[in-house]
Every structure is written in C-alpha cells, then in structure tokens.
J.: 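Encoded as structure tokens, here's the structure I'll be asking about.
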Amino acid sequence: MLHVDPIFAATSTASAYAAGGVSALPSSAAGGEALPPPFTIGAVLTETRLDSWLAVGLVLAAGIYLYGVHRLRMRGDRWPVARTVFFLGPGLGGIALVTVSGLHAYDTALLSVHMVQHMMLSMVAPIFLALGAPMTLALRTLPQRPRKRLLAIVHSRIARVYSFPLVAFAIFVVNPFVLYFTDLYRFTLEHAWAHELVHAHFIMTGCVFFWPLLGLDPLPGRWPYPARALLMVLSVPFHTVLGLTVMQSTTLFGGDWYPSLGLDWADPFDDQVLAGGILWAGGEFVSVTMLAVLVVQWIKQSEREARRVDRELDRQEARERAAESAA
C-alpha cells in the first residue's frame, strides 16, 4: 500500500490542480455524490435517503415477513413475538441504520464509518435475522410445492458446502483481509455499485456464518454446541489481529483516496486508528456475546434432553409396574 503524508498530499494535489495537471480536486465521493458536511448527529439525521435499492429490499423483506406472521395467525397458529421483534428491529432495522440513514453519506469519506457498517452488516444484523427464523416461517406458510422447492435449495450440495461451518468460518475470516489489504477496497471507494455490492456481501457472509451456529432454522451444516462454541472462541483473536493491524498501520487504506477528499474536519490517519479500534472492540464484544448465547442455548438443550430422559424413564417404570400388577 501507498504511504501518503496528509500535508504533502493536500499541497501537491492542490498545486497540480492549479497548474492544470489534474482535472479537479475530488468534490464527490463514490458514485458522484457530494462530499458530506462535518460529521455531526444533525448531519447524520439530515442525510438520510430512501431511494436506494437496499431500502426497497428492506421494505419488501419486512412486508413479506409480516405477511407470513399474519398468515399463521389467521389459521390459528402462534408465532413468537420476540422473533418478529428481532427480525424487524435489530435485524432489518440494523441494516437500515447504517445504509439508509445519514451514515451512508460518510461511508466513503470516513473509514471509521465504513467499519461501523462492516460490523453491523456482517455480525450484528445477521445474528438477529437468524433469531427471527425466517426460513422456519416460510416453511410453515408456503404452499406445498414452493415449500418443497425451498427445501431443495436449502439442502442442495452448494448450500451444504457454502454453509458448512469451517467453510463459512474461512470465508468470514478471509473476507476483510482480501478487501482491506488489496486494491479492491480502493476500487469500491471509486465505484458506488461495487461499494453497495460489498454491503450485500457482508450481509450474506454473516448470515451463512451465524445462522447454522444459532440453529433455529432447518439449515444444513449444524454442529453440536461444543463445536459451535469453539468456533466462536477461534473468531475472537481474528478480530484482535485485524483491528490492531488497522490501528498500527503506517499506510492509509485506499491509498490517497481519503487525503484527496480534502476534508478539513477529519484527519485520515486519526480516523483509521479509530476504525481499527471499532473493528477490534466491536468484533470481540459481538463474538463474546454470541459465545454466551450459544452457552445458554447449550444449557437449555441439556435441560430439555434431561427432561425427555426423565419422562422416558417414568414411562418405562410405569410399564414395568403395570406388567408386575398384571402378573
């Protein structure tokens, strides 16, 4: 990566522009959008947009989910309210918070904001989407033929390979290194469609990794709880290494992209240190929290299994007493 001195980059770029060496100082971020104002809470609220394809997708997903819940209730079946809250609130709402709200205006201007998006889209939102059990809802509401097609897709060879915990974990771990330590990240900063595609990829990768671990939907590749907990333990040092690498890097991610924006209210190097801290602390917090969730699920499963064994022993004892009485 290219090391860029902020003062040298700013002065040399301005000089080249004055001499006609370049066309203009960047006045827009990816996709030709205007550079954002100084980062404040008010600016985040006023920069909200509702015209992106992702906003349309979120509205459609929420509508389909609510329609499924309505179908169940109309026929007298119950659906846990907590699942609906998890899916619509921190799940879809978390995605909207970092892509539809005013934060989107800063995702190509501040690396720290991009890291917040990274954490939300790849770790936080997928967990709550999984807790909403949308696959289970679909299987309970779809007609027979679409339900069979959905099951065929879920249990296809591609789905089994892609959702296998070790494969999903490898993709989950390798993705950030491929993105941030190659020229791919600079490419996503320069092209809005690529940046949006990265957001969708974050969501898909997080869902493939976390959904089999939580195990609420009938997905292939589910491991026993001890193996799931071990996988989450292995993810903790990964976020530590990645976050510290970003914080201690002497080169700017994206090359001279951030200095060339000429934002007098943000220092690219300081913002990169903040971004690494967000990645480090946020990754460890989510991983440890997810580990605690798995341990709680493991305990509850053990309790259910113990109650099942007790009931079976009680039935067996009752049969033996009945046989003795008959004899």
J.: Step through it carefully: locate the ring centre of W257, locate the ring centre of F187, and say whether they are under 6.0 Å apart.
T.: no

J.: Under 3.5 Å, side chain of D256 to main-chain N/O of P259, donor-acceptor pair present?
T.: no

J.: For I153 versus A159, what's the shortest heavy-atom pair and its separation?
T.: O-CB, 3.4 Å

J.: List the residues meeting salt bridge (Lys or Arg N to Asp or Glu O under 4.0 Å) with E324, not counting sequence neighbours, and say none if there are none.
T.: none

J.: Could you tell me if the ring centre of F253 sits under 6.0 Å from that of F181?
T.: yes

J.: What closest approach, in Å, do M120 and I95 show between heavy atoms, and which atom pair accounts for it?
T.: CG-N, 4.5 Å

J.: Identify whether the distance between the nearest side-chain nitrogen and carboxylate oxygen of R321 and E317 falls below 4.0 Å.
T.: yes

J.: Hey, does the side chain of R83 reach the backbone of A133 with a donor-acceptor pair shorter than 3.5 angstrom?
T.: no

J.: Spell out, as yes or no, whether a donor-acceptor pair under 3.5 Å connects the side chain of Y65 to the backbone of G132.
T.: yes

J.: Can a donor-acceptor pair be found between the side chains of Y180 and H114 at a distance below 3.5 Å?
T.: yes

J.: L216, V69: one ILVMFWY side-chain cluster at the under-4.5 Å cut-off?
T.: yes

J.: Of all the heavy-atom pairs spanning L279 and H239, show the shortest one and how long it is.
T.: O-CB, 4.2 Å

J.: Would you call the rings of Y106 and F39 parallel, tilted or perpendicular, taking 30° and 60° as the class edges?
T.: perpendicular

J.: Give the cluster check for V173 versus V288: same hydrophobic cluster or not, with ILVMFWY residues linked at side-chain heavy-atom distances below 4.5 Å.
T.: no

J.: Consider only side-chain heavy atoms of I, L, V, M, F, W and Y, link residues closer than 4.5 Å, and tell whether W193 and V100 are in one cluster.
T.: no

J.: Hey, are E312 and R315 close enough for a salt bridge, meaning a charged N less than 4.0 Å from a carboxylate O?
T.: yes

J.: Working to the nearest 0.5 angstrom, can you tell me the gap between T289 OG1 and I127 CD1?
T.: 8.0 Å

J.: Which atom pair, heavy atoms only, marks the closest approach of L213 to M290?
T.: CB-CE, 4.0 Å

J.: I'd like to know whether CZ of R75 has more than 12 heavy-atom contacts from other residues, nucleotides or ligands below 6.0 angstrom.
T.: yes

J.: Between NE2 of H104 and NE2 of H199, what distance do you get to the nearest 0.5 Å?
T.: 10.5 Å

J.: Which is it for R319 and D314 under the salt bridge (Lys or Arg N to Asp or Glu O under 4.0 Å) test, yes or no, and what are the steps along the way?
T.: CA-CA 9 Å; R319 287 194 297 267; D314 291 340; over 6 Å; no

J.: Are F210 and F172 close enough that their ring centres sit under 6.0 Å apart?
T.: yes

